[in-house]
Each structure stands twice: as C-alpha cells, then as structure tokens.
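To keep things clear, I will list the structure first and then write my remarks on it.
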Amino acid sequence: MQVIRLFDGVYRLDGRLATRNLVRGRSVYGERLVEHEGVEYRLWNPYRSKLASAIINGLSELGIKRGSKVLYLGAATGTTASHVSDIVGKEGIVCCVEIAERSMRELLKVCESRPNMLPVLQDARNVEAYADAVKEYDVIYQDIAARDQAEILSVNAALLKEGGFAYVAIKSQSIDVARRPELVYREFMASIEKRYDVLQTLPLVPFTKMHLFAALRKKREQGQAI
Ligand SMILES: C[S@@+](CC[C@H](N)C(=O)[O-])C[C@H]1O[C@@H](n2cnc3c(N)ncnc32)[C@H](O)[C@@H]1O
C-alpha cells in the first residue's frame, strides 16, 4: 500500500484520504479502518466532511496539528470533529460546540471514547458560556449553516490566539438564498476582515455544493509587535 503524508496526521492511502485512528478498533460513522505496518487509519469520506473535501481540493496549509487546541463550532454528531480529534492526538483538545440536543446525544457517544473531545451543548453566539473551557485556542473550525455565520465567527475570535487559524465552510443559501453566491461570499469576507486575513478560498464541488471553504488567520491587535 502506498502511504503519503499530506499534513500532520493526514494521509493518502492508495489515493484515499485517511487519519491515523486515535482509538484503535473503533470507527465513528461507518468509515473503514485500514491497518498498515502496525498503524491503524480511518478512511476520511469527503462526501461526509467539508474539511476532507477542502484537503482533496487543494487546501495548502492545515493549522490543525498534533497538540492543537481546536474550537469546533457546529460539531453535529462528530463526523469531522472525530478526524480532527485523530489529528490533534492525546495532547490536543477539540472543544465541540453544538446547539442541537439530538446531535449532541450522538456526539456524546463519540466523546466517551475520545478523551480529547469536549462536548458543549450551546449556541455558538453565547461565547461567554464556554469561554472558560480552554484558555486560548490555536484554531477555530466553523461549519454552521446560519444567516449570521460571519458574526458568530467574529465574536468567537475573542477565544483564538493572535495569528491562529480559522477554517470556515460558508453556505451561501443559508445566508441569503435570493442573492448570487459570489456576492454572499464577498460580503462575508468583508464583514470578517477586521479580525481575520483571508489565506485561501476553495470550492467544495463535487463533494458539497453551494459552499465556499475559507482558510483565515486572526490578525494581530493594532500596535502589537510582530
Ligand atoms: C452542517 S452541520 C455540521 C457538520 C459537521 N461539521 C461535520 O462535518 O461533521 C451544522 C451543525 O451546526 C449546528 N448549529 C447551527 N447553528 C448553531 C449555533 N448557533 N451554535 C452551535 N451549533 C449550531 C447544527 O445543529 C448542525 O449540527
């Protein structure tokens, strides 16, 4: 089998994306486990995960690394969050904020076997409610289909370290179904530019339609030494 390392903890196994399984023998959403030279990998389905599709579509830098503290907004049942948990490993943390109780019930089962995943049943607009969980995050990952998605990302910037990465899946139809997606994306970028620099934007087709994936970096406070 050909194993190519793409990023910290992210591999291509004979052309299929995978992460190194943190919890040996357990799959999370029915994904296949593959053993190679004593290492167990979980195949990462780009049709089920926007982060996987962004990597396949050419994401150039992944700020999520071994030991990273990640604030995950819109964790749902933990499909992508579990792969992020694989990448950050035992030394890292994935704080999983999810508003829906039904998704949270499933997410809790995933968190039970993954001690680096911290479930938070909360609206990601209420930053103060989970601000004390982790002092400062290295990365924010946001996949929330909400009209005020840009505002939610901006308020959560308070928990991100300066120079920290943010990855966001922007769903144009949830923000404004009547406007052209390019206009919606442009306005989104304009409304977050006070806090974030845009590093890269990517379409997610053919895996997910009507989304733009963006890699961002939190700006330094003005007057701060670089
Ligand atoms: C597209 S799904 C996320 C899928 C997930 N990121 C994955 O790849 O496995 C969006 C999730 O965001 C949650 N959500 C929507 N608005 C939210 C909010 N204000 N705060 C927290 N979660 C929210 C929804 O309940 C839903 O589970």
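Note that ligands are numbered from 1 as they come in the structure, with each ligand's atoms numbered from 1 the same way.
Note: an N/O pair closer than 3.5 Å links Gly74 and ligand 1 by distance alone. Checked against a 3.5 angstrom limit, the closest N/O atoms of Val97 and ligand 1 fall outside it.
Sparse packing is recorded around CZ of Arg20, with 12 or fewer heavy atoms of other residues, nucleotides or ligands lying under 6.0 Å away.
When hydrogens are left out, the protein atom nearest atom 25 (O) of ligand 1 is Glu98 OE2, 2.6 Å; that is the closest non-hydrogen contact. For atom 20 (N) of ligand 1, the closest heavy atom belonging to the protein is Ala124 N, 2.9 Å.
Between Lys218 and Ala157, the shortest heavy-atom distance links the atoms NZ-O, 2.8 Å. The two atoms that bring Ser113 and Val23 nearest to each other are O-CG2, 3.2 Å, heavy atoms only. In terms of heavy atoms, Pro203 sits closest to Leu212 at N-CD1, 4.3 Å.
Looking at Arg12, its side chain never comes within 3.5 Å of a backbone N or O of Leu6 through a donor-acceptor pair.
Distances from atom 8 (O) of ligand 1 to the heavy atoms of Thr80, Val28, Thr77 put Thr80 nearest. Taking each of Asn126, Leu51, Ile99, Asp143 in turn, the one with a heavy atom nearest to atom 22 (N) of ligand 1 proves to be Ile99.
Atoms of ligand 1 lying under 4.0 Å from at least one heavy atom of Tyr72, given by number and element, are 5 (C), 6 (N), 7 (C), 8 (O). Taking every non-hydrogen atom of Ala100 and a distance limit under 4.0 Å, the qualifying atoms of ligand 1 come out as 25 (O). The distance from ligand 1 to the heavy atoms of Arg125 drops below 4.0 Å at these ligand atoms: 19 (N). When each atom of ligand 1 is checked for a heavy atom of Asp123 under 4.0 Å away, the hits are 18 (C), 19 (N), 20 (N). Here is the list of ligand 1 atoms found below 4.0 Å of a heavy atom in Lys50: 1 (C).
Between Asn45 and Glu31, every side-chain heavy-atom pair lies at or beyond the 4.5 Å cut-off.
With a heavy-atom cut-off of 4.0 Å, Ala76 touches ligand 1 through backbone and side chain alike.
Not a single heavy atom of Tyr141 sits less than 4.0 Å from an atom of ligand 1. The shell of residues lying under 4.0 angstrom from ligand 1, judged by heavy atoms, includes Gln122. Ligand 1 lies less than 4.0 angstrom from a heavy atom belonging to Ile144.
With respect to Glu35 and Arg24, a salt bridge is recorded, a charged nitrogen being found less than 4.0 Å from a carboxylate O. A salt bridge links Glu106 and Lys109; the closest N-O separation between the charged side-chain nitrogens and carboxylate oxygens is under 4.0 Å. Between Glu91 and Arg66, at least one side-chain nitrogen of the basic residue sits less than 4.0 Å from a carboxylate oxygen of the acidic one, meeting the salt-bridge criterion.
Under the salt bridge (Lys or Arg N to Asp or Glu O under 4.0 Å) rule, Glu187 has a single partner from Arg147, Arg179, Arg180, which is Arg179.
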